[in-house]
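Throughout, a chain's letter reflects where its sequence line sits, starting with A, and its residues are numbered from 1.
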Amino acid sequence: MVSAPDFTLSLPARSESVGVVRHVLGGVGDAWPVDAELQDDILIAVGEACANVVLHAYADAPAGVLDVRGGTEDGHVVVVIRDTGPGIVPRPQSSGLGMGLPLMAALTERMETGHADDGAHEVRLTFPKVRR
Amino acid sequence: MSTLGGARDGPAAADSLERARLTVRCGPLARSLASRFVAALGAETSLSVDRVDEAGMLAAAVADRCVELTPDGELDLTVAVREDLLELRVGPLEPGSGARLLGSDATLPGGGPIRGFATSVDIRRTRNGRDLLRVVVAAHPPGR
């Protein structure tokens, strides 16, 4: 288990921040056990989760913060995307295609959503180990 | 639900919605993430590509010395994005390390002191006696 994340990113929850997160995560290959394919999967899945925060987390509330934490646990890359919005709720008027969650689930070994002890909404993405 | 690490309280770690913050453990990840973080934010400004690149190198230079500068083995970098500049705040740092970082041996990977690339630099003291390095990167450094 990781006792602390390798990094924490905290950004305003706006569309430009998704690109910042993706660009920053492009550098994790220097230290994490990832190959090019896994790196792409991480960028896509985390990008989707961040886009969800920007589009939906604060839809009915003042703009908030997008928080991304990353590390490794037992050889798995784990990235947690957090916000202080109400969490995932049905939004019939949403402009999204509804593909984000299935895509994230497909690219990860495990995807969990819920609320942390401090009340923040979390999406926790655990990626498969690189096949050697 | 367990949070990865959980060492920091809540997502509201950014100083405000005007700032972005990166905290990264010292080591191979720090240099890469710090420079990418600053470069990505620099793309939101009207700064030239060269100046954004120099801002990224500044961040990398600080990250390279992360272990000797930081009290807890983590680099804490906060960036305020304005239309025509980036303001980087690095710290808390060990007392006196801000001055050492700006010393003659603190050179960027491509050569040249940090002061040479920054538009302005100052070191502030936090309430608990740590250093806080503030670096502004605007369109031109002094003398250019």
Side-chain angles (χ1 to χ4, degrees), chain A residues 1-14 16-32 53 57-58 62-73 77-85 112-126, chain B residues 1-46 52-53 55-56 59-60 63-64 66 70 72-83 86 89:
Chain A
M1 290 291 287
V2 174
S3 60
D6 287 344
F7 74 86
T8 300
L9 264 173
S10 186
L11 300 152
R14 50 191 175 88
E16 295 90 337
S17 296
V18 179
V20 174
V21 172
R22 285 174 55 89
H23 190 69
V24 171
L25 284 179
V28 300
D30 291 350
W32 285 358
V53 170
Y58 304 103
V65 173
L66 164 65
D67 181 283
V68 180
R69 302 169 181 199
T72 56
E73 292 181 356
V77 169
V78 178
V79 182
V80 179
I81 299 91
R82 294 158 52 89
D83 66 74
T84 51
E112 302 159 275
T113 64
H115 284 87
D117 293 342
D118 61 5
H121 176 249
E122 293 188 346
V123 174
R124 181 185 172 96
L125 305 175
T126 303
Chain B
M1 181 177 176
S2 67
T3 298
L4 182 69
R8 297 183 181 279
D9 295 331
D15 289 353
S16 73
L17 294 179
E18 302 301 317
R19 297 181 185 278
R21 182 177 180 184
L22 170 69
T23 305
V24 58
R25 188 177 297 171
C26 295
L29 210 52
R31 177 188 173 83
S32 177
L33 266 54
S35 61
R36 283 173 167 268
F37 177 61
V38 171
L41 292 168
E44 297 182 24
T45 70
S46 61
V52 171
D53 196 38
D64 281 345
C66 178
T70 59
D72 55 4
E74 285 189 334
L75 178 67
D76 199 338
L77 176 60
T78 302
V79 179
V81 180
R82 303 282 181 263
E83 165 63 26
L86 289 171
R89 294 186 186 188

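Of all non-hydrogen atoms in A:L11 and B:A20, the two that sit nearest each other are CD2-CB, 3.2 Å. What you find for A:P12 and B:R19 is that their closest heavy atoms are CD-O, 3.6 Å. Shortest non-hydrogen contact noted between A:A31 and B:P28 is CB-CG, 4.0 Å. Between B:E44 and A:V20, the shortest heavy-atom distance links the atoms OE2-CG2, 3.7 Å.
The choice from B:V24, B:L77, B:L29, B:L75 that makes the most heavy-atom pairs within less than 4.5 Å of chain A is B:L29. Among A:G27, A:G29, A:G19, the residue with the largest count of heavy-atom pairs under 4.5 Å with chain B is A:G27.
In this structure, CG in A:L25 is found 7.0 Å from CG in B:L33, a value given to the nearest 0.5 Å.
With a 4.5 Å cut-off on side-chain heavy atoms, B:V81 and A:E16 do not count as touching.
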